[in-house]
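Position 1 is the first residue of the sequence, and the numbers go up from there.
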Amino acid sequence: MSELIFQQSNNKEAWDDFVSNSPQGTVFNNTTLLDSIGISYSIYYVKNVNKVVAGICVLETEGGGINKNIPYFQYCGNILYNSNGSNNN
């Protein structure tokens, strides 16, 4: 049985590559947009052994909670690994 690992990442370039290669990726997941509007966020991957199987970008409040009140950012959700792409972060 495989063990899934939940891991935080600070690698914005790898995240943006993951987003652009995933069918679920949207502009709302891209770090360029998030950085340009000054939103605090954290990037997390779900890994099976050393292979990324999913990821999520969590938008944060100043107090460290999850920010749910940003217009249109309901589209910043879970992203799955694209088996036809190059998601090997």
Worksheet item: Taking atom types as modelled, is there a side-chain donor on T32 or N30 under 3.5 Å from an acceptor on the other?
Response: yes
Practice prompt. Calculate, to the nearest 0.5 Å, the distance between atoms OG and CG belonging to S42 and N10 respectively.
Written response: 8.0 Å
Practice prompt. Would you indicate whether the side-chain heavy atoms of V58 and Y41 approach each other to under 4.5 Å?
Written response: no
Worksheet item: How close do L4 and V53 get, heavy atom to heavy atom, and via which atoms?
Response: CD2-CG2, 4.4 Å
Worksheet item: How many angstroms lie between CG in D17 and CD in E13, if you round to the nearest 0.5 Å?
Response: 8.0 Å
Worksheet item: Which value, rounded to the nearest 0.5 Å, describes the distance between I5 atom CD1 and E3 atom CD?
Response: 5.5 Å
Discussion item. Once rounded to the nearest 0.5 Å, what's the spacing between atom OG1 of T31 and atom CD1 of I43?
Written reply: 6.5 Å
Practice prompt. May I ask you to decide if N29's main-chain N or O and W15's side chain share a donor-acceptor pair within less than 3.5 Å?
Written response: yes
Item to complete: Please answer whether the main-chain N or O of A14 pairs with a side-chain N or O of N11 as donor and acceptor at a distance below 3.5 Å.
Response: yes
Worksheet item: Is the shortest heavy-atom distance from the side chain of I56 to the side chain of Y45 under 4.5 Å?
Response: no
Discussion item. Side chains of L59 and L34, heavy atoms from C-beta outward: is any pair under 4.5 Å?
Written reply: yes
Worksheet item: Any sub-3.5 Å donor-acceptor pair from S22's side-chain atoms to F18's backbone N or O?
Response: no
Practice prompt. Determine whether V46 and Y44 make a side-chain contact, defined as any pair of heavy atoms from C-beta on separated by less than 4.5 Å.
Written response: no
